[in-house]
Every structure is written in C-alpha cells, then in structure tokens.
Amino acid sequence: MRSVEDIVALLGGPETAAGRLGIGTEALRKWRQARAIPAKHWPAVIAATGLALDDLPKAKPRQETAVTDSPIPEGVASARAPEGATAVLVLADGTVLWGRGFGAHGTTVAEICFNTSMTGYQEVLTDPSYAGQTICFTFPHIGNVGTNPEDIEATTPAARGLIVKQDVTEPANWRATRHLHDWLASHGMTGIGGVDTRALTARIRDGGAPNGVLCFPADQAFDIPALLAQARAWPGLEGMDLAKEVTTRQSYQWDESTWTLGAGYGKQAAPRFRVVAVDYGAKRNILRCLAAAGCAVTVVPATATAEDILRHQPDGVFLSNGPGDPAATGAYAVPTIQGVLAKQVPVFGICLGHQLLALALGARTYKLARGHRGGNQPVKDLRTGKVEITSQNHGFAVDAESLPAGVEVTHVSLFDGSNEGIASTKLPAFSVQYHPEASPGPSDSHYLFARFVEMIERRKAA
C-alpha cells in the first residue's frame with residue numbers, strides 16, 4: 001500500500017496533484033493529515049496514477065463512536081466498549097455514546113445541552129451560567145486555538161464537561177499558552193471526543209435537554225447500568241438554585257475594562273458613576289463593559305439584601321447572568337430587587353438577572369424545551385425594529401403573557417418568539433435575556449451598556 005505522501009509526489013507535488021484530481025489544496029491537506037484518501041476520490045486517483053485499489057491508503061472503519069438507539073434493558077450487567085473507546089456518555093433515556101476521553105479522568109452527571117458558537121469555546125466553558133451542564137459543541141473544531149489566561153469569564157469553570165466531534169489538535173493560534181487537554185485537566189473537567197454531535201444535537205432538539213453521565217475512567221472500567229441509574233436519578237436543573245454555588249463569597253471592587261489588541265485589558269481610572277453588580281454568576285466581560293462605560297463597579301454576593309446594596313449608595317444596580325432555575329434563586333433575590341426598585345434606583349439585568357427582574361415585577365418564568373445557547377441567535381428590538389445577532393445561554397425564559405401592566409416587551413427571539421427583553425414603564429428598570437458583552441461575540445448589543453448609563457444620567461439629573 002502506498003502512502004498519501006507517495007501518491008502526492010507521484011502526481012507532481014501538492015498543487016499539481018490538486019489540479020490533476022480536481023480538488024482543492026485544503027482537501028489534499030486533510031488527506032495528508034488523516035493519512036488516508038476518502039472513498040469518493042478513489043476513481044480519480046486510480047485514473048491519474050494507474051495504481052490499483054489495494055495500493056491506496058484507506059481510512060480505518062470508525063469504531064470509536066457507537067450509539068444504541070433503544071434503552072438498555074434493565075439488569076444488564078455490562079456493555080462492551082468499542083475498540084479505541086476510552087470514555088462514554090450515557091443519557092437518561094438509555095442512549096450510550098462511546099468516544100475518546102480527554103481532560104481530567106472522572107465521572108460527572110449533568111444536563112446535556114448544545115452550543116452553536118463557532119468561536120470562543122474557552123469563554124463558553126468558563127461562563128458560570130453553565131453550572132450543572134455538560135456542553136455539546138455543534139462546531140467540530142473545538143480546541144484548535146488552545147487556551148490562554150485572558151479569555152476566561154471566571155477563574156474556576158462551572159461547566160461539568162464537554163462533548164466534541166473531532167479530537168483536540170495542537171494549538172494553532174498566536175495567543176495560545178496551553179493545550180485545551182492540559183487546561184481541562186488542571187480544572188478537573190472531563191471531555192469526550194469522537195461523538196456524533198449532530199445526532200446528539202438532533203436528540204436534544206427533538207426531545208429536550210436530557211440528563212446524562214460522562215465517564216472517563218482511568219482504569220477503563222465501565223459499569224453502564226450504574227451510569228444509567230445515576231443519569232436517571234439526577235433531579236435536573238428545574239427547581240435548582242445554582243447561583244449560590246458560583247457567586248462571590250464577599251464583595252469586591254472592579255475597575256478592569258475591555259480588551260484591545262496590543263494593549264490587553266484597560267483600567268477605568270476616572271469613573272463617573274457608582275454601580276453595584278449583584279453576582280448570580282457574573283461573567284468578567286460584563287463587568288469590563290460596565291467599567292468601560294464609566295462605572296466604578298462594586299460586586300456583591302447573590303444573597304446580598306437591598307440594605308447591603310443600598311449601603312454603597314449606587315447610581316445604578318446591575319443584575320448579572322447565572323445558572324439554575326430563576327424561581328429557586330428568586331426566593332431570596334426577588335425581595336432584594338423589589339427593595340432596590342422601591343428606591344427608584346436604575347436597574348439593568350442580563351440573562352438570569354433578566355428573569356429575576358421579571359419575577360420581581362410580577363411575571364413568571366418557565367423552562368424551555370432545549371434552551372438558547374450560541375453566538376448566532378437573532379433578536380428583534382421592538383422599539384427600533386432592528387435585528388441583533390446575539391450571544392445567548394439560557395434554559396429558562398420569561399413568560400411574556402404573565403407580564404403585568406406597566407411592564408412591556410422590548411425584544412423577542414426570531415427563532416421561537418420567546419421573550420428576550422422587558423422594560424418597566426413606571427420604574428427605571430430594563431433587562432435582556434441575551435449577552436451584550438460579546439464574550440464570545442458578536443458585538444451588536446453593546447449599546448445596552450450605554451442605555452443603562454443614559455438611564456443613570458437621567459435619574460441623577462431629575
């Protein structure tokens with residue numbers, strides 16, 4: 001059998017070979033990387049070289065991923081791992097997906113969700129809103145730009161694991177300082193590659209986000225019935241308050257502003273306003289955007305009372321993003337927000353903060369079937385008629401039908417028509433369901449931070 005390199009040389013080198021075969025140089029590069037020629041190109045190669053079929057390097061049959069489409073029968077003692085499989089994902093409906101583990105060895109149970117972002121996987125993995133969730137990335141090339149100490153949204157990642165299609169390659173980005181595998185291992189997070197992520201995404205799309213167990217054991221011992229029982233026993237995110245798990249334990253000051261090429265992160269040295277940010281799982285880049293908008297930011301724990309917040313004499317209060325069921329977090333957050341609103345202090349909420357503001361104003365929330373997660377979510381601003389492409393991560397939503405008099409819908413999802421923003425017509429308060437801080441992008445919604453500052457200015461001038 002001839003190697004791909006032999007065949008490329010026989011055809012006159014990469015560019016000549018690509019031309020003679022009628023393919024692009026990128027396709028040829030993938031052949032050389034895989035050390036195999038896809039079956040659809042065999043006739044062209046044979047015709048151009050005169051070689052026999054047995055001379056061509058062929059891809060080995062894919063055995064690393066297997067899916068059982070029906071539930072595992074009760075009482076099955078074990079299930080044999082396919083050759084090459086070192087990790088497994090077991091869903092509560094009995095689906096078993098084998099793959100190759102990376103990152104930290106271990107077993108974790110979580111809600112399985114999918115994210116459609118094509119960039120920014122490090123920001124996604126460190127977003128505290130993913131607490132209690134394992135992320136299936138629909139984009140196949142996860143890990144190819146490595147990791148670095150700047151693109152993080154929290155010091156300790158809250159996501160419980162990740163699922164990818166292709167194996168993680170060596171970093172290929174000038175800002176990379178560490179391989180994704182090593183970075184994950186240092187944070188105790190487990191990943192599985194070689195999974196048919198399109199099939200898994202379709203399951204989530206059609207059946208909702210399931211509970212599942214990701215297992216990457218160091219001894220390669222798999223007890224599938226036990227993993228299935230663990231997935232089925234996990235209660236899920238509905239009714240779960242996770243904000244207390246990811247919030248700061250004590251108040252602190254924040255003055256770091258947004259990142260620019262060549263200079264890194266800036267610093268707000270001359271703030272014009274005092275803003276208290278309630279940390280339900282705040283992303284760092286949201287705080288940076290507040291600082292860049294001219295705010296001196298004081299971050300307080302999720303459990304802070306209205307008195308704790310007002311003691312700082314804020315010009316405005318920000319309600320951050322975060323994980324879990326807003327109804328559960330609202331047990332202590334709603335009275336706090338209502339106390340702030342009673343003092344006519346301007347309020348701006350994002351994601352979980354949006355849901356909590358809605359609850360404080362008298363609305364209800366509910367769990368979405370599959371959630372919105374990705375950097376390509378279209379939202380319409382009803383006030384301007386403009387459509388924004390937004391970054392989102394939420395499994396719950398505000399019930400627009402439950403909004404009381406004096407609260408209006410300002411933004412709607414163009415995917416499913418669900419609520420994406422509200423504003424009070426009586427109080428200086430508004431919120432959005434999505435992430436305007438663009439970490440990862442896009443940056444269509446940065447104007448919301450300016451809108452918050454304008455509200456503060458109007459209030460101070462009144």
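Keep in mind the model is a prediction, meaning the values are calculated, not measured.
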Does the [X] side chain pair with the main chain of [Y], one donor and one acceptor, at a distance under 3.5 Å?
X      : Y      : answer
Ser443 : Ala438 : no
Asn115 : Ile135 : no
Thr190 : Gly103 : no
Ser129 : Pro323 : no
Asp127 : Val124 : no
Tyr121 : Gly146 : yes
Ser117 : Gly375 : yes
Trp42  : Ile37  : yes
Thr147 : Trp183 : no
Arg160 : Thr134 : no

Reported [atom1]-to-[atom2] distance for the pair [X] and [Y], which is rounded to 0.5 angstrom:
X      : Y      : atom1 : atom2 : answer
Leu200 : Lys165 : CG    : NZ    : 12.0 Å
Glu111 : Lys367 : CD    : NZ    : 4.0 Å
Asp255 : Leu287 : CG    : CG    : 11.0 Å
Asp196 : Ile163 : CG    : CD1   : 12.0 Å
Phe216 : Thr107 : CZ    : OG1   : 10.5 Å
Thr138 : Asn376 : OG1   : CG    : 7.5 Å

So do the side chains of [X] and [Y] get within less than 4.5 Å of each other, counting heavy atoms only?
X      : Y      : answer
Val164 : Phe102 : yes
Leu125 : His187 : no
Arg35  : Ser3   : no
Leu237 : Gln133 : yes
Ile112 : Leu89  : yes
Leu341 : Val347 : yes
Arg203 : Asp93  : yes
Leu356 : Leu352 : yes

Minimum heavy-atom separation for [X] to [Y], with atom names?
X      : Y      : value
Pro128 : Lys283 : CD-CG, 4.2 Å
Asn285 : Glu153 : N-OE1, 2.9 Å
Pro217 : Thr86  : CD-O, 3.9 Å
Val96  : Trp98  : CG1-NE1, 3.6 Å

Inspect the surroundings of CE in Met118 and state if more than 12 heavy atoms from other residues, nucleotides or ligands are less than 6.0 Å away.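 Incorrect, the count does not exceed 12.
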
Heavy-atom count check: over 12 atoms from other residues, nucleotides or ligands less than 6.0 Å from Arg178 CZ?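 More than 12 within 6.0 Å, yes.
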
Just checking, any donor-acceptor pair under 3.5 angstrom between side chains of [X] and [Y]?
X      : Y      : value
Gln392 : Thr390 : yes
His372 : Asp416 : yes
Asn148 : Thr177 : no
Arg284 : Thr155 : yes
Gln377 : Ser413 : no
Glu388 : Tyr447 : yes
Thr248 : Asp279 : no

Aromatic rings Phe452 and Phe348: how do their planes relate, parallel, tilted or perpendicular, breaks at 30° and 60°?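 Tilted: the ring planes of Phe452 and Phe348 meet at 30° to 60°.
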
Per the side-chain contact (heavy atoms from CB on, under 4.5 Å) rule, which among Ile224, Val213, Leu97 passes with Val88?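 With Val88 as partner, side-chain contact (heavy atoms from CB on, under 4.5 Å) holds for just one option, Ile224.
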
Would Leu319 and Tyr280 count as a side-chain contact (heavy atoms from CB on, under 4.5 Å) if you check the C-alpha gap in whole Å, the side-chain angles of each, and the deciding distance to 0.1 Å? CA-CA 8 Å; Leu319 309 176; Tyr280 302 112; 4.1 Å; yes

Trace of the side-chain contact (heavy atoms from CB on, under 4.5 Å) decision for Leu180 with Ile142: CA-CA 9 Å; Leu180 177 60; Ile142 300 299; 4.2 Å; yes

Determine the sole option in Glu150, Glu437, Glu256 for which the salt bridge (charged side-chain N to carboxylate O under 4.0 Å, His left out) test with Arg288 is passed.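 Among Glu150, Glu437, Glu256, the one that satisfies the salt bridge (charged side-chain N to carboxylate O under 4.0 Å, His left out) with Arg288 is Glu256.
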
Between Ser320 and Val278, is a side-chain contact (heavy atoms from CB on, under 4.5 Å) present by the stated rule, with each step listed? CA-CA 6 Å; Ser320 86; Val278 186; over 6 Å; no

Evaluate the criterion ring pair (Phe, Tyr, Trp, His ring centres under 6.0 Å) for residue pair Phe114 and Phe137; output intermediate values, then yes/no. CA-CA 6 Å; Phe114 65 84; Phe137 285 97; over 10 Å; no

Candidate pair Tyr130 and Arg373, rule side-chain contact (heavy atoms from CB on, under 4.5 Å), full reasoning: CA-CA 10 Å; Tyr130 280 104; Arg373 298 177 180 88; 3.7 Å; yes

Taking it one step at a time, do His141 and Phe139 satisfy ring pair (Phe, Tyr, Trp, His ring centres under 6.0 Å)? CA-CA 6 Å; His141 307 294; Phe139 188 66; 5.5 Å; yes

Worked verdict on Asn419 versus His354 for side-chain hydrogen bond (donor to acceptor under 3.5 Å, both in side chains): CA-CA 10 Å; Asn419 179 261; His354 160 72; 3.0 Å; yes

